[in-house]
Number of protein chains: 2
Amino acid sequence: MNTAMDIRRLAINQITTPAWSLEQAIEGYARHGIHGVGVWRDKLAACGLIRARSALRAAGSWVPSLCKAGNIAQFATAGTRPALDDCRRAIEEAAEIGAGCVVFVCGGIGTDSKDIEAARAKVAEVLHEASAFAVKHGVSLGIEPFHPMHAAERGCINTLSQAHALCASIGPAASVVVDVFHVWWDPELYRFLAPPYTDAIATVQLCDWRVPTRHSVEDRAMMGEGAANVHGIAAALEDSGYTGPYEVEIFSQDWWSMPPDDVVRICAERYLSLGTSIIDPSNT
Amino acid sequence: MNTAMDIRRLAINQITTPAWSLEQAIEGYARHGIHGVGVWRDKLAACGLIRARSALRAAGSWVPSLCKAGNIAQFATAGTRPALDDCRRAIEEAAEIGAGCVVFVCGGIGTDSKDIEAARAKVAEVLHEASAFAVKHGVSLGIEPFHPMHAAERGCINTLSQAHALCASIGPAASVVVDVFHVWWDPELYRFLAPPYTDAIATVQLCDWRVPTRHSVEDRAMMGEGAANVHGIAAALEDSGYTGPYEVEIFSQDWWSMPPDDVVRICAERYLSLGTSIIDPSNT
């Protein structure tokens with residue numbers, strides 16, 4: 001089951017095929033032998049929880065992550081309460097569809113603020129306050145470090161070191177979401193793809209860093225087509241005994257303009273090719 | 001002389017006024033009481049060393065830094081030799097105009113590479129090989145950590161921690177160039193604006209992080225107009241006993257479209273305003 005780069009560990013994150021509804025995505029990914037679905041809350045809301053559960057069950061599919069909660073910058077004027085309430089709703093939704101984690105995107109520093117340290121403290125506060133609720137629902141709060149170019153507007157936790165320190169301070173309620181786009185440059189990348197840190201990883205989101213990156217959000221590349229050492233990252237994880245999910249997540253105007261079935265087929269091919277030279281530790 | 005945010009410690013980096021030749025910049029900055037000039041090698045070559053020295057002497061001006069050397073990615077196909085030769089020429093030029101340091105921009109990982117660790121090793125190799133030559137000429141190799149969004153194409157050293165570790169490994173030939181644009185988000189920023197690290201800082205380049213940043217290179221903001229805590233950064237440096245130069249460096253299509261005299265006047269005003277609430281340790 002946990003063979004290196006096994007198709008059974010592969011999920012596609014819905015943002016990779018935004019033209020598809022949640023039901024279409026569940027069915028579409030399954031057509032290509034992929035039963036993992038990274039779900040977005042707006043798509044889940046449009047589908048409804050009951051239909052979503054039914055579609056997942058019918059396809060034999062599973063959910064590594066539910067995107068997203070925790071954008072504290074959205075709530076700058078109202079304190080942390082709305083962020084916390086939103087986070088609790090996300091946890092409930094994740095529990096309803098059996099998602100392994102809620103992706104906690106942290107958020108930026110807020111309009112007119114110049115205090116990234118205060119924003120980071122606010123993120124920690126919301127995570128601490130949501131942690132008991134997460135444990136009760138069996139859902140992990142997946143802290144996702146964001147690329148530093150997003151520090152002002154989207155995510156003020158910017159390195160794997162920060163994310164793991166925060167995760168450790170929160171305890172069993174928290175985990176770390178590793179997204180190649182955000183962390184490929186991190187000087188401590190391989191330290192955090194090894195024990196004991198691999199145990200804290202909820203999901204690994206795959207894509208590549210396009211050169212040049214023409215848009216800070218919507219110009220990611222397919223694995224193998226950018227500057228990131230995606231193969232080396234996968235090999236490091238497998239060597240470390242990581243047995244969790246891989247989730248292809250490609251925000252890209254280019255890829256969004258292609259037929260979703262073609263995109264999903266290529267995602268699966270590229271994912272499987274990452275495993276070609278990885279020796280499965282369970283076979284050695 | 002080393003009063004907090006004294007005008008005598010202020011330089012303008014030439015890239016802030018690209019419409020001006022080096023002679024125009026030396027004279028233009030001096031009109032506003034600014035005698036520090038961050039020099040670019042293309043502008044220096046156009047002016048010629050003899051005329052540049054003469055203009056600097058006539059204006060009573062000084063040079064915190066000469067931009068730039070070290071772009072190892074440009075030399076990917078030819079090994080480190082051309083990068084090293086170019087670095088040596090930059091050191092000679094810096095010595096000729098009395099520049100405190102050559103800004104070592106490191107460079108990206110090179111076309112078709114996926115190995116940022118190898119690129120970092122190559123940067124260290126060039127720095128080590130250039131270090132004796134730098135010491136001999138009394139010029140420091142100013143290692144500038146670049147924003148991670150530039151890791152693939154421009155600079156593969158991306159945190160202050162990396163830059164200071166590299167600097168320490170090279171010894172007295174090296175220093176660190178702190179650029180607010182590149183490091184404002186760094187989780188360890190304030191650790192490296194304090195002793196003993198302040199002693200290793202060759203120059204501090206000031207600007208701000210525009211929200212949103214619409215272009216990865218040419219959309220910097222004037223101090224006070226972005227998400228960076230420029231005042232806090234200056235206060236930390238002054239509290240730590242930093243007595244080196246400040247250099248306003250604003251790559252910006254917006255600011256480049258304004259009359260250079262207006263830009264320089266505003267640079268000086270904003271710089272001086274950073275000092276308003278800083279208590280000068282030498283007066284306490």
Side-chain angles (χ1 to χ4, degrees), chain A residues 73 108-120 145-163 165-166 180-190 208-217 219 221 223-233 236, chain B residues 73 108-120 145-163 165-166 180-190 208-217 219 221 223-233 236:
Chain A
I109 65 177
T111 317
D112 300 331
S113 170
K114 292 176 186 293
D115 194 346
I116 197 167
E117 301 304 330
R120 288 166 177 164
F146 263 43
H147 195 286
M149 75 182 169
H150 294 318
E153 294 164 278
R154 289 180 182 82
C156 60
I157 303 296
N158 306 110
T159 63
L160 285 163
S161 177
Q162 283 181 295
L166 192 52
V180 169
F181 181 81
H182 293 308
V183 305
W184 74 273
W185 63 274
D186 192 320
E188 297 191 290
L189 173 61
Y190 291 97
D208 210 328
W209 178 270
R210 195 182 183 284
V211 181
T213 291
R214 300 159 300 182
H215 184 280
S216 67
V217 177
D219 197 27
M223 297 86 79
E225 299 182 2
N229 185 3
V230 188
H231 189 278
I233 290 168
Chain B
I109 64 176
T111 316
D112 300 332
S113 171
K114 292 174 185 292
D115 194 346
I116 196 167
E117 302 303 332
R120 287 166 176 162
F146 262 42
H147 195 288
M149 75 182 169
H150 294 318
E153 294 163 278
R154 289 180 183 80
C156 61
I157 302 296
N158 306 110
T159 64
L160 286 163
S161 177
Q162 282 181 296
L166 192 51
V180 168
F181 180 82
H182 293 308
V183 305
W184 74 274
W185 63 274
D186 192 319
E188 298 191 289
L189 173 61
Y190 291 98
D208 210 330
W209 178 269
R210 195 181 183 285
V211 181
T213 290
R214 300 159 299 181
H215 184 280
S216 67
V217 176
D219 197 28
M223 296 85 79
E225 299 184 2
N229 185 4
V230 188
H231 189 279
I233 290 167

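Just so it is clear, the model here is predicted, and its values are computed rather than measured. Each chain gets a letter, A, B and so on, in the order its sequence line appears, and its residues count up from 1.
Note on A:Pro212, A:Cys156, A:Ser216: by heavy-atom pairs under 4.5 Å with chain B, the leading option is A:Pro212. Taking A:Ala151, A:Pro148, A:Ala228 one by one and counting their heavy-atom pairs under 4.5 Å with chain B, the maximum is reached by A:Pro148.
Taking CH2 of B:Trp209 as the reference point, atom CD1 of A:Ile109 lies at 11.0 Å (rounded to 0.5 Å). If you take CG on B:Asp186 and CD on A:Gln162, they are separated by 8.5 Å, rounding to the nearest 0.5 Å. Interatomic distance, CG of B:Asn229 versus CD1 of A:Ile116, reported as 10.5 Å (0.5 Å rounding).
With a threshold of 4.5 angstrom between heavy atoms, A:Arg120 approaches chain B through side-chain atoms but not through N, CA, C or O. Only the backbone of A:Glu225 comes within contact range of chain B, judged by heavy atoms closer than 4.5 Å. Heavy atoms closer than 4.5 Å to chain B are found in the backbone of A:Ser113, but not in its side chain.
The two residues B:His147 and A:Met149 have their closest heavy-atom pair at CE1-N, 3.3 Å. Heavy atoms only, all atoms of each residue included: B:Lys114 and A:Asp208 are closest at NZ-OD2, 3.9 Å.
In this structure, B:Trp185 and A:Trp185 have perpendicular ring planes: the angle between them is above 60°, well past the 30° mark.
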